[in-house]
Amino acid sequence: MAESWATLGVDLHLEPALAGGLRRGLTDALRDAVRTGRLAPGTRLPSSRTLAADLGIARNTVAEAYADLVAEGWLTARQGSGTRVADRVVTPPPASAGPGRREPGRPAYSLVPGTPDLAAFPRAEWLKAARRALATAPFDALGYGDPRGRRELRTALAGYLARVRGVRATPDTVVITAGTSHALRVLGTMLRARGADTVAVESYGLDVHWRLLRAAGLATPALPHDALGADPRPPDGAAAVLLTPAHQFPTGTPLHPDRRAAVVDWARRTGSLVLEDDYDGEFRYDRQPVGALQGLDPDRVVYLGTASKSLAPGLRLGWMVLPPALAEEAVAAKGHTDTCGSLDQLTLAEFLTSGAYDRHVRSARLRYRRRRDALAAAVAGRAPSVRVTGIAAGLHAVLRLPPGLEQPVVQAADLQGLALHGLSYYRHPDAPADPSDALVVGYGTPPDSAWTGALEALCRVLP
């Protein structure tokens with residue numbers, strides 16, 4: 001029985017021009033695919049028989065085209081290795097930026113907060129966990145999945161969060177999300193369905209979170225902020241308040257114990273909710289860990305967590321711990337199928353239960369603490385007029401500047417090839433005016449190879 005095109009080997013998309021002959025058209029098409037980088041160096045090409053069958057042409061035509069390109073140096077052919085793209089420098093044509101647009105220069109260093117050291121992702125341990133998870137995964141893990149997420153991960157998270165953050169959870173109150181932004185989108189939909197129209201937020205935070213809530217049809221008034229954290233008295237009519245109580249982003253201030261109690265008391269009295277974003281909650285250096293606010297009242301606090309800071313945001317894995325009465329409403333708002341890859345969820349569950357997650361966090365905590373100490377020492381030695389604050393926890397520090405210097409320093413950093421944000425970048429548009437000038441320095445962002453250069457670039461622009 002003759003073999004069909006579907007059984008003959010690797011696929012290769014080519015459209016040979018007919019003008020000038022089929023051999024020339026095929027040779028030109030292959031050469032162009034290599035020259036532009038569409039076929040990368042080392043790529044194995046189909047055999048002449050396979051490609052001839054795919055294109056519906058004579059095998060000798062393909063063999064002759066391959067031979068021409070081997071002679072020109074575009075391809076290599078070795079016994080037992082087949083025909084491959086030669087190892088050579090490929091310069092793809094420049095992409096057009098469009099009329100009137102210029103591609104911005106990429107900074108040499110970045111101290112923008114929000115991302116851990118991605119080069120330190122535990123690839124070997126993650127791969128081991130992935131192999132174990134795949135080897136033991138039930139068949140239904142490859143289906144559409146429970147919208148709450150895999151039970152294996154929800155069970156592992158309930159135990160881990162209880163042990164490490166003081167969260168009171170069961171697998172049935174945990175819902176897996178694709179990160180905090182996804183969780184807020186789900187919660188915004190749920191709150192609007194309940195008739196809510198307002199969620200109070202902190203004066204400083206991430207504008208993407210405010211935009212997501214507003215996109216759901218919710219107003220986001222800003223709470224006053226001082227040295228004790230956010231004011232725990234949301235405006236009348238607020239159905240919920242969004243807080244980062246353990247380590248406020250970006251000011252670095254933990255919510256004062258009296259205010260923690262006050263905001264929970266407000267939620268109980270009004271029947272409202274507290275949305276607790278446990279931003280970089282794993283990283284504590286100079287004080288005892290601040291437990292999750294959710295532990296004070298699991299019926300009024302929704303706990304939000306993510307693997308974005310402890311592992312990597314590219315995993316797109318986060319979680320909500322919901323009051324039992326709201327779990328089904330949140331699932332309905334999320335949708336009928338799981339939105340996170342089941343195998344990644346099973347890998348994280350294995351990573352947690354095997355102890356690999358704890359080991360990774362402890363190692364990362366030590367590395368980031370050393371960076372924080374180096375940052376504080378460098379600023380104290382080279383810019384004594386700058387005060388470093390908010391460094392007892394987290395992956396960023398706030399550098400308090402003399403009045404009027406925030407924007408000049410940010411602009412000078414840009415000229416030095418250093419990406420850097422001022423504190424005003426994170427101020428809510430409706431927040432009260434704040435005359436203080438400061439920088440928000442993400443010391444967890446650079447890889448180890450770039451940390452020294454980034455710190456030196458920062459010190460050069462400080463007053």
Side-chain angles (χ1 to χ4, degrees), residues 2-97 103 105-108 110 115-135 137 142 311-316 341 343-344 347 446-450:
E3 291 180 290
S4 74
W5 66 270
T7 66
L8 291 176
V10 298
D11 289 336
L12 177 62
H13 173 73
L14 289 172
E15 295 181 358
L18 297 179
L22 191 53
R23 172 178 171 180
R24 178 179 174 181
L26 177 59
T27 304
D28 290 345
L30 283 165
R31 186 188 297 111
D32 185 64
V34 175
R35 181 190 293 118
T36 60
R38 190 166 70 83
L39 292 179
T43 300
R44 183 168 184 170
L45 301 183
S47 69
S48 58
R49 180 168 65 94
T50 298
L51 187 56
D54 286 351
L55 297 177
I57 62 178
R59 180 180 178 183
N60 283 346
T61 302
V62 177
E64 290 166 356
Y66 278 0
D68 290 343
L69 294 173
V70 169
E72 294 176 14
W74 295 101
L75 304 179
T76 62
R78 293 186 179 88
Q79 186 74 26
S81 181
T83 304
R84 296 179 181 270
V85 176
D87 188 9
R88 58 187 291 136
V89 176
V90 177
T91 306
S96 171
E103 185 71 14
R106 184 176 179 179
S110 176
T115 304
D117 178 1
L118 300 179
F121 181 81
R123 294 175 185 243
E125 289 298 324
W126 186 261
L127 182 58
K128 291 178 184 176
R131 285 172 172 162
R132 290 193 296 266
L134 183 59
L142 302 177
L311 287 169
L315 293 177
R316 308 312 306 141
L343 294 180
D344 284 340
T347 300
D448 284 342
S449 59

Q) A58: what forms a side chain to side chain contact (heavy atoms under 4.5 Å, CB included) with it, not counting sequence neighbours? A) T61

Q | Residues which pass side chain to side chain donor-acceptor pair (under 3.5 Å) with T83, listed by chain and number, not counting sequence neighbours | A | none

**Q.** Inter-residue atom distance T347.OG1 - L134.CG, 0.5 Å rounding
**A.** 8.0 Å

Q. Can you name the closest pair of heavy atoms from P447 and A119 and give their distance?
A. CB-CB, 3.9 Å

Q | From D32 atom CG to T27 atom OG1, the distance as rounded to the nearest 0.5 Å | A | 12.5 Å

Q.
Among residues at least two apart in sequence or on other chains, which ones pass side chain to side chain donor-acceptor pair (under 3.5 Å) with D448?
A. R371

Q) If you measure from CG on L75 to CZ on R84, what distance do you get to the nearest 0.5 Å? A) 12.0 Å

Q) Closest heavy-atom contact between A65 and R23? A) CB-O, 4.4 Å

Q: Only counting residues at least two apart or in another chain, list the ones meeting side chain to side chain contact (heavy atoms under 4.5 Å, CB included) with A29.
A: L14

(Q) So L142 and L343, do their side chains get closer than 4.5 Å, heavy atoms only? (A) yes

Which donor-acceptor pairs under 3.5 Å do side chains of residues 125-133 form with protein atoms, sequence neighbours excluded?
from: R132; atom 1: NE; to: E350; atom 2: OE2; distance (Å): 2.6
from: R132; atom 1: NH2; to: E350; atom 2: OE2; distance (Å): 3.3

(Q) Is the shortest side-chain heavy-atom distance between V62 and S47 below 4.5 Å? (A) no

Q.
Please evaluate residues L30 and L12 with respect to the criterion side-chain contact (heavy atoms from CB on, under 4.5 Å), reporting the C-alpha separation (whole Å), side-chain torsions for both, the decisive distance (0.1 Å), and the verdict.
A. CA-CA 10 Å; L30 283 165; L12 177 62; 4.0 Å; yes

Q) Considering residues at least two apart in sequence or located in another chain, which fulfil the salt bridge (charged side-chain N to carboxylate O under 4.0 Å, His left out) criterion with R31? A) D28, E72

Q: List the steps, then state whether side-chain contact (heavy atoms from CB on, under 4.5 Å) holds for L26 with L55.
A: CA-CA 10 Å; L26 177 59; L55 297 177; 3.9 Å; yes

**Q.** Atom of R59, atom of S48 and distance for their closest heavy-atom approach
**A.** NE-OG, 3.2 Å

Q: Identify the heavy atoms of P116 and L311 that sit nearest to each other, and give their distance.
A: CG-O, 3.8 Å

